[in-house]
Amino acid sequence: MPPPADIVKVAIEWPGANAQLIEMDQVCVHLKYYRCDIKNGTILRLAISPARAARQLLERIQSHGIDARLEALKELAKLSADPTFATEFINMEGIGTLARLVESGTHLNFLSLSFGEMLAFTLTAFLELMDHGIVSWDLISLSFIKQIAGYVNQPMVDVSILQRSLAILESMVLNSHSLYHRVAQESTVGQLIGHLQVSNQEIQTYAIALINALFLKAPEDRRQEMASTLAQKHLRSIILNHVIRGNRPIKAEMAHQLYVLQVLTFNLLEERMMTKMDPNDQSQRDIIFELRRIAFDGESDLTGTEKRKAMYTKDYKMLGFTNHVNPAMDFTQTPPGMLALDNMLYLARVHQDTYIRIVLENSSREDKHECPFGRCAIELTRMLCEILQVGELPNEGCNDYHPMFFTHDRAWEEFFCVCIQLLNKTWKEMRATAEDFNKVMQVVREQITRALAMKPSSIDQLKNKLRGLNYSEILRLRQSERMSQDDFQSPPIIELRERIQPEILELIKQQRLNRLCEGSCFRKLGNRRRQEKFWFCRLSLNHKVLHYGDLDESPQGEVPFELLSDKIPISDIKSVLTGKDCPHMKEKSALKQNKEVLELAFSVLYDPDETLNFVAPNKYEYCIWTDGLCALLGREMGSDLTRSDLDTLMSMEMKLRLLDLENITIPEAPPPVPKEPSSYNFTYNYS
C-alpha cells in the first residue's frame, strides 16, 4: 500500500550530529508555518534562531574570559553579514557594546596577540553591522572616531586592524556629512600618504579609497585645499612609483580607486570649463594679447594706434579665432569656457617653439587649407573634456584609469599639447579645408580614443601610439572593420541569411546554456569593500535546476554542485527582470541607483513570489546570464552580446558559403525559367 500523499521523508541535520531520516506530515507543517512546500528527500538543517544567537553572543562578548570573548567576537564577525541576525543584534544595543569595547581600550589589557585578534574581529563585526544601513553613522561618538583614527595614524599597527580602521573611516566620510570634519581633522591626507609607500596593496587600496572619500565629500570651502593637496608632486610620485609601478599587478579594486582619483583630479578643471570669458575683463584680454605677442611680436607693447588695432585684427585672423575683432567672444561658450584659453596659454609659454610653428605654418598656407589654431584649440578642449568625462561623478565598478596621467604634474595640459599637434598633422594629411572641420575632428577623436585604449604608460608612449594612428591607418582600420561587418543586401543573400539564422541562433543558445552550466561568481550588493562577500550560481547539466550558494572567497574555477546548498527548479521560474524593474534596484541607495550597477542588475522571479537577485561582475556576464535564462524560458535572446555574436557568426558563415562565388556577380533575381520546348521528342543516338 503506497504511503499517504501528505507524508514525506526528509533528513534532519543538527550541528555536531549525524543526519536522521524521519517521516513528516505536510498538513501539520502547513497549518503551523502557513507556507512550506516540503518534498521527499529534502534536507532540513536545524539552527539556533537569530535572536537567540544574538543574545548568546552578546553575553559571551561581555564575559571576563579572554578565550570566550575572542571566540564570541570571531563568530560575531562571521554572522554579522546576515541581515536577519544583524537586525536582532543591533536591536539588543550590540553596536553600542562594540563601540564601547573600542573606546575603552579594554583590549590593551590583554596580550598583544589576543589584542590584535580581538580588535580585528570587533572592527570587522562593527563594519559589517553598519553596512546594513540599519543604524545611522551620525550616532558614532567623537571618542570612537579618535580611537579608530589613532590606529590609522600609529606607525606600527596590525595589518588587519589598519585595513578595517581605514574602511570604517571611509564609510563615515561617505555616509555622514557631520562626521566629515571630525574624520578630516583626525586623519589628514598627509598622514595617509605613508600608507601608500608600503608593499601591501590592500593597505594602499584602503588608503587611496579614504583619500578619494575625503576629496569627494569635501565642502566647497575645503575643496580648493584638497585640490592643492592632490596636485602635489609628492603624492603623485608616490602613487606612480609605489602603486602603479609597484612589483605586484594592479587588482580590480585598486584600479577602481585609481580611476576615481583620476576622475576627481580632472574634475578640478570643471570650474574653469564652465567659466565664460568676460570680454570687458582686462586681465583676461591680456592673455589673448600675450598669445598674439608670442606668435608675432618680440615685445609686449599693448598700447597702439588704429593702425596697430588693424594689425591685431589681422593677427587674430591668422591665429584662427572665429571673431577677428574681439576674440574674447570665442570663449563665451561653456564648455570649454576659459579652460580652452588656459590650454592655449600653456602651449604658448611652455612649448613656445611648437606653438609658433603651428601658428606660422598655417598662416603661410593657402587660405582654403589653413588650420584655424584658435577654433581647433577650443573644439579640441571640448572634445577632451567629453572623452575624459570632466565634471562627471565616478562610475561604480569602472576601472578605466590611465597610468600616463600620473606621470606628469601638468598631465592635462601636456595631453592637450600632444593632441593639438596631432590635430594639425591630421589636418595636413587630410588636406582639409574649413568645410572639413567637423570631419577632421571626428578623425582626431577616433585617433585619441584608440590610443587611450592601448593604455600608454607615459606621455611619450602616447606620442608613439598616435604616430602609428595616422589618417591612412584610420582609413585602413575603418575599411577592415567595415569589411568584417559587411552585410549584402541582394535578395538571394537575404534569403540565404534567413535560412542560416535559426542555425546560428541555436548555436548561440547552446553556448549560453553551456556557460550557465559552468556557473559564475557574483558579488553581494552593498559590500563594495575589499573584503567582499561572494555567491555562486550554476545551471544543472540537465538544464532543469539552478543551484546557488554563498562562498567565503571568489573561486578559481567551477564550484561543485555539492557546495551549493540552494536550488530553484527552472519550471518554477516565472520571468526574468532587468535594470530598474529588479526588486533590489528599487531600494533607496546611492550605490544601487548608480547607472553602472543598474545596467548589470537582473532578477529571477519564481514561485511562490520569490526573487533571486543578481548583479553581474561585468556586461559580458550580464548578457550571458540574461540570454541563458531567456533561452530556458523559451523567450528571445535580446542582449547586445547576442546581436554581436549573431552578426559575427552570420558574417563568417556567409563568407564561407560564398567563397566559391568570389568575383562573381550575384544577380538581383533568379534567372528566368526558359520557355517549354515545342515538343519533348528529342533523343540522342549513341550508335
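Every value quoted in this text rests on a predicted model; they were computed, and no experiment measured them.
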Checking salt bridge (Lys or Arg N to Asp or Glu O under 4.0 Å) for the pair Lys78/Glu75: CA distance, chi angles, key distance, verdict? CA-CA 5 Å; Lys78 293 181 179 179; Glu75 189 174 346; over 6 Å; no
Gln262 side-chain N/O to His402 backbone N/O, donor-acceptor pair under 3.5 Å: yes
Under a 4.0 Å threshold between the charged nitrogen and the carboxylate oxygen, would Glu621 count as salt-bridged to Arg515? yes
Taking Asn470's backbone N and O only, do any of them form a donor-acceptor pair with Glu473's side chain (distance below 3.5 Å, no angle check)? no
Could you walk me through whether Leu393 and Leu216 pass the side-chain contact (heavy atoms from CB on, under 4.5 Å) check? CA-CA 9 Å; Leu393 289 176; Leu216 188 64; 4.1 Å; yes
Step through the shown structure and confirm whether more than 12 heavy atoms of other residues, nucleotides or ligands are within 6.0 Å of CG on Asn247. no
Measure centre to centre between the rings of Phe121 and Phe126, then say whether the value is under 6.0 Å. no
If the condition is salt bridge (Lys or Arg N to Asp or Glu O under 4.0 Å), which residues does Arg643 pass it with, not counting sequence neighbours? Asp640
Residues forming a side-chain hydrogen bond (donor to acceptor under 3.5 Å, both in side chains) with Gln461, sequence neighbours excluded: Ser457
Going by atom types only, do Ser160 and Asp158 share a side-chain donor-acceptor pair under 3.5 Å? yes
Check the pair Trp137 / Leu174 against side-chain contact (heavy atoms from CB on, under 4.5 Å), numbers first and verdict last. CA-CA 10 Å; Trp137 283 91; Leu174 292 176; over 6 Å; no
Less than 3.5 Å apart, which donor and acceptor atoms pair up between the side chains of residues 177-185 and the rest of the protein, not counting sequence neighbours?
{"residue": "Ser178", "atom": "OG", "partner": "Asp138", "partner atom": "OD1", "Å": "2.9"}
{"residue": "Ser178", "atom": "OG", "partner": "Ser176", "partner atom": "OG", "Å": "3.0"}
{"residue": "Tyr180", "atom": "OH", "partner": "Leu214", "partner atom": "O", "Å": "3.1"}

Have His351 and Glu414 got a donor and an acceptor in their side chains that come within less than 3.5 Å? yes
Contacts of Asp566 that satisfy salt bridge (Lys or Arg N to Asp or Glu O under 4.0 Å) - sequence neighbours left out: none
Can you check whether Leu477 reaches Arg450 side chain to side chain, under 4.5 Å on heavy atoms? yes
Residue pair Glu446 / Gln442, side-chain donor-acceptor N/O under 3.5 Å: no
In Å and rounded to the nearest 0.5 Å, what is the CE to NZ distance from Met172 to Lys217? 15.5 Å
With the threshold set at 4.0 Å, does a side-chain nitrogen-carboxylate oxygen contact exist between Glu386 and Arg382? no
Look only at the side chain of Gln204 and the backbone of Leu196, and say whether a donor-acceptor pair between them is shorter than 3.5 Å. yes
For the backbone of Phe406 and the side chain of Arg236, can you confirm whether one donor and one acceptor N or O come within less than 3.5 Å of each other? yes
Could you tell me if Tyr151 and Gln147 have a donor-acceptor pair between their side chains, going purely by distance under 3.5 Å? yes
Return yes if some donor-acceptor pair links the side-chain N/O of His132 with the main-chain N/O of Ser80 below 3.5 Å, else return no. yes
Phe534-Phe522 aromatic ring centre distance below 6.0 Å: no
For a side-chain contact (heavy atoms from CB on, under 4.5 Å) check, start with the C-alpha distance between Tyr548 and Phe536, then their side-chain angles and the critical distance, and finish with the verdict. CA-CA 5 Å; Tyr548 65 97; Phe536 197 89; over 6 Å; no
Can a cation-pi geometry be assigned to Arg538 and Phe561, taking NZ or CZ under 6.0 Å from the six-membered ring centre and within 45° of the ring axis? yes
In chain order, what residues pass the salt bridge (Lys or Arg N to Asp or Glu O under 4.0 Å) check against Lys455, with sequence neighbours excluded? Asp400
Run the side-chain contact (heavy atoms from CB on, under 4.5 Å) check on Ile168 and Phe144 step by step: do they pass? CA-CA 11 Å; Ile168 290 173; Phe144 181 86; 4.2 Å; yes
Could you tell me if Asn343 and Glu413 have a donor-acceptor pair between their side chains, going purely by distance under 3.5 Å? no
If only atom types and distance count, is the side chain of His584 paired as donor or acceptor with the main-chain N or O of Asn613 below 3.5 Å? no
Would you confirm whether Asp581, through its side chain, and Leu577, through its main-chain N or O, come within 3.5 Å as a donor-acceptor pair? no
Do the side chains of Glu186 and Lys146 get close enough for a salt bridge, i.e. N-O under 4.0 angstrom? yes
Where do Trp625 and Tyr620 land on the ring pair (Phe, Tyr, Trp, His ring centres under 6.0 Å) test, with the steps shown first? CA-CA 9 Å; Trp625 276 85; Tyr620 176 80; over 10 Å; no
Is it the case that the ring center of Tyr346 lies less than 6.0 angstrom away from the ring center of Trp412? no
Compile the donor-acceptor pairs under 3.5 Å between side chains in residues 417-426 and protein atoms, sequence neighbours left out, one pair per line.
{"residue": "Gln421", "atom": "NE2", "partner": "Cys417", "partner atom": "O", "Å": "3.1"}
{"residue": "Asn424", "atom": "OD1", "partner": "Asn362", "partner atom": "ND2", "Å": "3.0"}
{"residue": "Asn424", "atom": "ND2", "partner": "Glu361", "partner atom": "OE1", "Å": "3.1"}
{"residue": "Lys425", "atom": "NZ", "partner": "Glu429", "partner atom": "OE2", "Å": "2.9"}
{"residue": "Thr426", "atom": "OG1", "partner": "Leu422", "partner atom": "O", "Å": "2.9"}
{"residue": "Thr426", "atom": "OG1", "partner": "Gln447", "partner atom": "OE1", "Å": "3.0"}
{"residue": "Thr426", "atom": "OG1", "partner": "Gln447", "partner atom": "NE2", "Å": "3.3"}

Under 3.5 Å, is there a donor-acceptor pair between the side chain of His195 and the main chain of Val152? yes
If we ignore hydrogens and angles and just use 3.5 Å, is the side chain of Thr648 paired with the main-chain N or O of Ser644 as donor and acceptor? yes
